[in-house]
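Naming convention: chains lettered A, B, ... in sequence-line order (proteins, then strands); numbering from 1 in each chain.
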Number of protein chains: 2
Amino acid sequence: MPGAQKGDFAAKLRVAQLRPTKQRVALARLLFAGADRHVTAERLHAEAANSGVRLSLATVYNSLHQFTAAGLLRQVIVDGEKTHFDTNTGEHHHFYFEGGDLLTDIPGGDVRIEGLPRAPAGTEIERVDVVVRLKSRG
Amino acid sequence: MPGAQKGDFAAKLRVAQLRPTKQRVALARLLFAGADRHVTAERLHAEAANSGVRLSLATVYNSLHQFTAAGLLRQVIVDGEKTHFDTNTGEHHHFYFEGGDLLTDIPGGDVRIEGLPRAPAGTEIERVDVVVRLKSRG
DNA sequence: CAATAGATTAGAATTATTCTAAATAACTCA
DNA sequence: TGAGTTATTTAGAATAATTCTAATCTATTG
């Protein structure tokens, strides 16, 4: 099976109804080749540049949003300045290191949240996000 | 006790080591006169203008941050675009209506979170935020 | 391969927020 | 109270993340 490596990402994109362009495949490789990870647009753009792929920041933004819409990524809002994207789309939560711009996952299965009120009339719960904000111990 | 109304806010500011200027007192009145509330800088600025107080947006930002540092307000990060400030500084969580830019409180006492892992070595938990994201029921 | 729909791009535009330096107002205390 | 000191306010410039635009490319399809 020659070309299998590369084909994985192209196939993944095709399943998501996204044309597997050079840029999208390159970003998909950076995002999905290894373990789950968290990225910002800026950082992913820098990484792409480092790994020899030339693409514009606009394309990174476009792709991150398209991947998110397709369910391949999920947005994590924790710091008001930048948007973080998470390759782990399953149920889970986050540790966030204030200032450090660093996120790590808390497996969802371990966490139970009890006593939440019902969703207000006319609405339904889309998702429950838990962010554990950390500071370094003085 | 004449001037008691106004004095409340000036006193509150003095306790917080903030000089009770006309602008800060006006903002404090808007924020703390009634029930707990959530505001953005832009909205508070508009409200101040409506209530006849002329102050700059920069002052609103300054004041919101100073109030927050003094423990009178708390920041709520839920939507990546704007920062929300909450007059309820006690333990509690939030419902967030996607798109609607609207926040409501979930009393903290009712909610229990179990199964969180320990804070990573060298860090401690500063706060645990729960955001229940709502969408309108289709 | 030609035609077409979709993607990429550079750079301008937008938005929230912060910064800067000058003008103003609050506080101190003699 | 009034001079002097210090903190605050302000308009507008600056910044930073993100989105938009219009033109240029590229993948796909027949």
task = Kindly state whether the ring of H38(A) and the ring of H94(A) have centres lying under 6.0 angstrom apart.
result = yes

When you get a sec, tell me which of [options] is the closest nucleotide to the side chain of [X]?
X	options	result
R19(A)	dA26(C), dA5(C), dT9(D)	dA5(C)
T21(A)	dT6(D), dA10(C), dA27(D)	dA27(D)
K82(B)	dT17(C), dT18(D), dA11(D)	dT17(C)
T59(A)	dT8(D), dT17(C), dT8(C)	dT8(C)
A58(B)	dA17(D), dT26(D), dG12(D)	dG12(D)
R24(B)	dT8(D), dT17(C), dA7(C)	dT8(D)

task = Using the closest heavy atom to pick a nucleotide of DNA chain C for each, name whichever of P20(B) or Y61(B) lands nearer the 5' end.
result = Y61(B)

note = Assert: residue with more 5' nearest nucleotide on DNA chain C, out of H84(B) and Q17(A), is Q17(A)

key: From CA spacing to verdict: side-chain hydrogen bond (donor to acceptor under 3.5 Å, both in side chains), D129(B), H93(B)   = CA-CA 6 Å; D129(B) 288 340; H93(B) 304 292; 5.4 Å; no

Would you kindly give the [atom1]-to-[atom2] distance between [X] and [N], to the nearest whole Å?
X	N	atom1	atom2	value
L57(B)	dG12(D)	CG	P	13 Å
Q66(B)	dT18(C)	CD	P	12 Å
F85(B)	dA16(C)	CZ	P	14 Å
L18(A)	dA5(C)	CG	P	19 Å
R43(B)	dT17(C)	CZ	C1'	16 Å
L55(B)	dA25(C)	CG	P	14 Å
D79(B)	dT17(C)	CG	C1'	14 Å
D101(A)	dA17(D)	CG	C1'	13 Å

request  = Scan H45(A) against the nucleic acid and name what it touches under 4.0 Å (heavy atoms): base, sugar-phosphate only, or nothing.
outcome  = nothing

task = Would you mind classifying the nucleic acid contact of T83(A) as base, sugar-phosphate or nothing, using non-hydrogen atoms under 4.0 angstrom?
result = sugar-phosphate

message = Which label fits F67(A) and F32(A): parallel for a plane angle under 30°, tilted from 30 to 60°, or perpendicular past 60°?
response = tilted

inquiry  = Please give me the minimum heavy-atom distance between V60(B) and A41(B), naming the atom from each residue.
reply    = CG1-O, 3.6 Å

query = Is there side-chain contact between V128(B) and V130(A), with at least one heavy-atom pair below 4.5 Å?
reply = yes

ask   = Any side-chain heavy atom of L57(B) within less than 4.5 Å of one from E42(B)?
value = yes

Phosphate-side-chain proximity, [X] and [N], N/O vs OP1/OP2 below 4.0 Å:
X	N	answer
R14(B)	dC27(C)	yes
H65(B)	dT17(C)	no
Q23(B)	dT24(C)	no

